[in-house]
Amino acid sequence: MDDAGDPLSAFREEAARALRAALAKVGAAEADLLLERPPEGMGDIALPCFSISKLLRKAPDAIAKEIVSVMTSGEEMERAEAVGGYVNIHARFDRLAERAFTAALSDGMEYGSGAPRGERVLLEHTSVNPTGPVHIGRARNPIIGDTIARIMRLAGYNVTTEFYVNDVGRQVATMTWGVKNLRVAEEPERDKDDHRFVSYYREANRKCEEDPEAQAQVNELLFKLEHGDPETVSLNRQTSERVLNGMLASLADINVHIDGFMWESKLVEDGSVDRVIDRLKGSRFCHESDGARHLELESFGITGRDTKWVFTRADGTSLYTTRDLAYHLDKFSRSDVAINVLGEDQKLGMQQLAAALSIIGSERAPETVFYSFVSLPEGRMSTRKGTVVTLDDLVDEAKERAYEEVRKRRKDLPEERMREIARIVGTGALRYNIARIQAEKQIVFRWEEALNFEGSSAPFVQYAHARACSIMRKASAAVSPDRAAACVGKLTTDHERALLKLIAAYPATVRECAEARRVHTVASFAQDLASQFNQFYRYVPVLKAEGDTRDARIALVEAARRTLRSALGCLGLEAPEEM
RNA sequence: GGGCGCGUGGCCUAGCUGGAUAUGGCACUUGCCUCCUAAGCAAGCAGUCAAGGGUUCGAAUCCCUUCGCGCCCGCCA
């Protein structure tokens, strides 16, 4: 693996080698080398000696001291010390700084990039029913999905994102029936097809609840859909496509763009679903009752009231999960790693899908990132009931509030520029606020939190970037990597050193987040980096410094700027040059 | 009834393959713009890491029980 882009790797490897050798010398050659990051100011890498203590039957601190005394020195290490049962190793700052500057300031490759990897990653996200506007209960999906894609791409993975369009199910059929048979008087809240058609969807649902005849008609439409009745298929495709386009416009507003689409109807039309059904029928887990077929999954660790997994209705038509099974087989044929971003309500479904996959002999299973729902203080959102805050409303409100903030401080800017900054800052605040929280935690949506413009927020990070840009504009020229590396000795203050160390940690952070398919750690890294930069900015003059010191500081600002921009990019946020 | 997840200062949150004084932010109080943009910086206030038990030299982290919240257990998607 190519670690040229990671300034810390040489130090980490040297420290690991030295520690392993030292462990052998003290008679603990077989101990695991679990290294961790010590607290601020206590070095750059640490070996806890507590588990070794069991092995050697000695006090941890005695072992730490012994290890330190037998450790060899190296190019990358400054010193090792024993503190409270830990061996803390400090990196040689100059070496680290040289490597960081070389990696961060070289043109042609974004800082943080990992070496290209061979495997194809197919990342499915969002995939919501095209029955109405994207609301914030769903908005977590595109934000998490798009951010994972960006992080993984930077880390070197070959990622394609895909949206699975559920255009053959009952929900869409209900909407299509409504569009065809109902007349909805109310004007849509917005002149967009997702907002327009959701009224028909809601009205159709209401009708179905009170009128069995309407319900029967929807069922008939559903049957025609699955049996390829041209007129029905075409009308259904038209409505869902129009709603989908409305949703995609909303997603584009928060900088989410999807590479490809798979229409569920295609899997029905091209026979993939029938082939899957045939394979399931041949399984010894397959049973039939009243014409419907199901798999008995009790032996697959699935528990509850019912362990049946139904895959064909009595009329022979397929169900959502059956079609999803066909979709997964298709995904496997096009990728080496398949990742899904799904709401936590899909957990059982995914477990069943994995069981079904193994039953039909697939060696592969998708990897899934689950997230909990965003709810309102008054409870859960529902498209059908209309208790939603739409993404479009949220984006408008964010831009409006950000505009007020811009106007407060930048009266010098032309209107158009103020609007542009407000857009960047406002939509950024939204994305950041979702991305910063661990996927499995529930979120209760509150306007004042979603549109927070200070502290742990996108604007905080963007502001640090804008400040760095401001310095770079005023500095006559950027500093070359070689020139920067030559004056690292001038970086002597704690503020400078702490900032540089954070910058140096960026590539490893990106790599780890990509591997763990984790988003929120990049958000907190960005926050830490911005905070450290702001302290540096406050206490360390750059433009007023002279000679090598000035060049070293300009190089540090430029490295910070590039790192901030890249981290913002991972989060799908724009990096404004002024705010 | 069963399964999965979450529960950290008034509010939001990090840490959770056990380990060094539990991380940041919001709110609140108080300082800092003749100085590269104050969307900033600094200081203060604030914690029985849901509760109880267990394992361990050591538990926010692992195990058990209980409580609270969310999600799921459809011939819906």
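Chain naming here is simple, since letters A, B, ... match the order of the sequence lines and numbering starts at 1 in each. Since the structure is predicted, the reported quantities are computational estimates derived from the model, not experimental observations.
Under 3.5 Å, the side chains of Tyr432(A) and Gln462(A) contain no donor-acceptor pair of N or O atoms. Asn88(A) and Arg79(A) share no side-chain donor-acceptor pair at under 3.5 Å. Looking only at atom types and distance, the side chain of Glu226(A) has a donor-acceptor partner in the side chain of Ser318(A) under 3.5 Å away.
A close approach under 4.0 Å does occur between a side-chain nitrogen or oxygen of Gln438(A) and OP1 or OP2 of A14(B). For the pair Lys474(A) and U37(B), the criterion of a side-chain N or O lying under 4.0 Å from OP1 or OP2 is met. Of the side-chain N and O atoms in His294(A), none sit less than 4.0 angstrom from OP1 or OP2 of G74(B). Residue Asn534(A) has a polar side-chain atom (N or O) positioned under 4.0 Å from OP1 or OP2 of C41(B). Taking side-chain N and O atoms only, Tyr320(A) has no distance below 4.0 Å to OP1 or OP2 of A77(B).
Using modelled atom types, one side-chain atom of Asn141(A) and one backbone atom of Val341(A) make a donor-acceptor pair closer than 3.5 Å. Thr387(A) places a side-chain N or O within 3.5 Å of a backbone atom of Ser382(A) that can act as its donor or acceptor partner.
A gap of 23 Å separates the C1' atoms of A39(B) and G44(B), to the nearest Å. Look at the C1' atom in both G58(B) and A20(B): the space between them is 12 Å, to the nearest Å. Comparing the P positions of G19(B) and A60(B) gives a spacing of 10 Å, expressed to the nearest Å.
For residues 447-468 of chain A, every residue pair satisfying the ring-ring contact (aromatic ring centres under 6.0 Å, His included) rule, not counting sequence neighbours, is listed here: Phe445(A)-Trp447(A).
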(message) Base contacts versus sugar-phosphate-only contacts with protein, heavy atoms under 4.0 Å: please encode nucleotides 17-26 of chain B as B, S and - from 5' to 3'.
(response) --BB---SSS
(request) Using a 4.0 Å heavy-atom cut-off, write out nucleotides 66-73 of chain B from 5' to 3' as B (base contacted by protein), S (sugar-phosphate only) or - (no contact). (result) ---BBSSB
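C62(B) adopts an anti glycosidic conformation, its chi angle falling more than 90° from 0.
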